[in-house]
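Structure, as structure tokens:
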Amino acid sequence: MSNIILTGDRPTGRLHLGHYVGSLKRRVELQNKGDYDKFFIMIADAQALTDNSGNPQKVRDNIIEVMLDYLSVGLDPNKVTFLVQSSISALPELTCYYMNLVTLSRVLRNPTIKSEIKLRGFDNEDRGIPVGFANYPISQAADITAFKANIIPVGDDQLPMIEQTREIVRSFNSTYNSEALVIPNAVLPENEVCNRLPGTDGQAKMSKSLGNCIYLSDDSETLKKKVQSMYTDPNHIKITDPGKVEGNIVFTYLDAFASDEHFTKYLPEYKNLDELKDHYRKGGLGDSKIKMFLYNILEELLTPIREKRHYYEQRIEEVLTTLQKGTEEANKYANNTLKEVKNAIGIDYFDNDSFIKEQSKKYE
Ligand code: TRP
């Protein structure tokens, strides 16, 4: 069996450190390992419209931002096919046939959908749930199956979507006695911290709407300010006070980003994170020191990313042409799957002469 990797992002803003540890880092590793036949990355603009229907300009403007972020973290257009979702017309067609295989109550039971309904206020009396929004897990199943992707590198908030896709694949293949669709598998980050990086304010998740993000494109000055204002332990007031490491966001980030080499380089008085944590717990270690350490680590991570971004910012036309070419290529794959799907259902009437022959026979 061939290995086809696919993943995607909604173009609703620039990508941040949560995206980086949750998915982008893994994508670059997978890309460099090269153990795949095809690697697709989708800018999911149609999905973004399911809860931004009144703000298409935001979605339009963020396509280039997301592309720049992709290229700046080292995703390589020679190894990865970038595509924009709304330009793949097979996707809504596939969605349409999959919709018949899923009950309304099943989509509304999807945990991600459930929490997003609350988050977006769709449960308010005067609003209601847009059908397109409730339907997006099915549309995401189309995204994945159109490319016969079997490897989906995502954060754990996407697990319900992958599970629902698996159900749709099983249901489709058995209902239509077909082997057209492939069961996908999620590939998650190695650890809990990376799955859900908290925001700089200590809230559960780094999220644009909460204003607690460190963006991949933040400059040094902004990064420093954000790190300095990070939530630590509110009871650690004097340096000599014992401090708490659990729930202390600086330590959470160190868990996600610090390596022993970083200690050698920036904080040689400690061997590793365990030693640093011990000292903090005992007291005698100030917040400004651990924040400076974290800043140095993030600055080292973000410097080459920023530089690459600046390079591509001078080449916007080229970047968008890359996206256009990738989308053209992706269309071939998706159209091929659509053909197989329509054939399995038996609605490929005019793809060959068998329909005409079969129906003529009835009246012979
Ligand atoms: N739902 C994903 C997110 O919000 C984006 C996405 C759309 C996606 N289609 C996909 C992810 C297909 C993986 C595979 O981040």
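Just so you know, ligand 1 is whichever comes first in the structure, and atom 1 is the first atom listed for that ligand.
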Residue of the set D157, V154, V21, D156 for which side chain to side chain contact (heavy atoms under 4.5 Å, CB included) holds with N195: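 Answer to the side chain to side chain contact (heavy atoms under 4.5 Å, CB included) test with N195 among D157, V154, V21, D156: D156.
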With under 30° as parallel and over 60° as perpendicular, where do the rings of Y98 and F172 fit, or are they tilted in between?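 Ring orientation of Y98 relative to F172: perpendicular.
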Plane angle bin for Y266 and H262 - parallel if under 30°, tilted between 30 and 60°, otherwise perpendicular: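 Because their plane-to-plane angle is under 30°, the rings of H262 and Y266 count as parallel.
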Closest candidate by heavy atom, reference atom 9 (N) of ligand 1, pool I152, I144, D143, V154: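 Nearest option to atom 9 (N) of ligand 1, by heavy atoms: D143.
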Is any N or O atom of [X], backbone or side chain, closer than 3.5 Å to an N or O atom of ligand 1?
| X | result |
| --- | --- |
| R10 | yes |
| Q47 | yes |
| Q158 | yes |

When you measure from atom 8 (C) of ligand 1 to every protein heavy atom, which one gives the shortest distance, and what is it?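 Looking only at protein heavy atoms, the one closest to atom 8 (C) of ligand 1 is Q140 NE2, 3.4 Å.
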Protein residue, atom and distance nearest to atom 14 (C) of ligand 1, heavy-atom basis: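 Nearest neighbour among protein heavy atoms for atom 14 (C) of ligand 1, to 0.1 Å: L6 CD2, 3.6 Å.
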Does R27 come within less than 4.0 Å of D9, counting only side-chain N to carboxylate O?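 A salt bridge is present here (some side-chain N lies under 4.0 Å from a carboxylate O).
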Atoms of ligand 1, numbered as shown, that sit under 4.0 Å from any heavy atom of A44: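 Once the distances to A44 are compared, the set is 7 (C).
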Considering only heavy atoms from C-beta outward, does the side chain of L71 approach that of F82 to under 4.5 Å?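 When only atoms from C-beta onward are counted, F82 and L71 do touch, with a gap below 4.5 Å.
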Given salt bridge (Lys or Arg N to Asp or Glu O under 4.0 Å), test K148 with E340 step by step and report yes or no. CA-CA 11 Å; K148 300 186 191 266; E340 290 177 19; 2.6 Å; yes
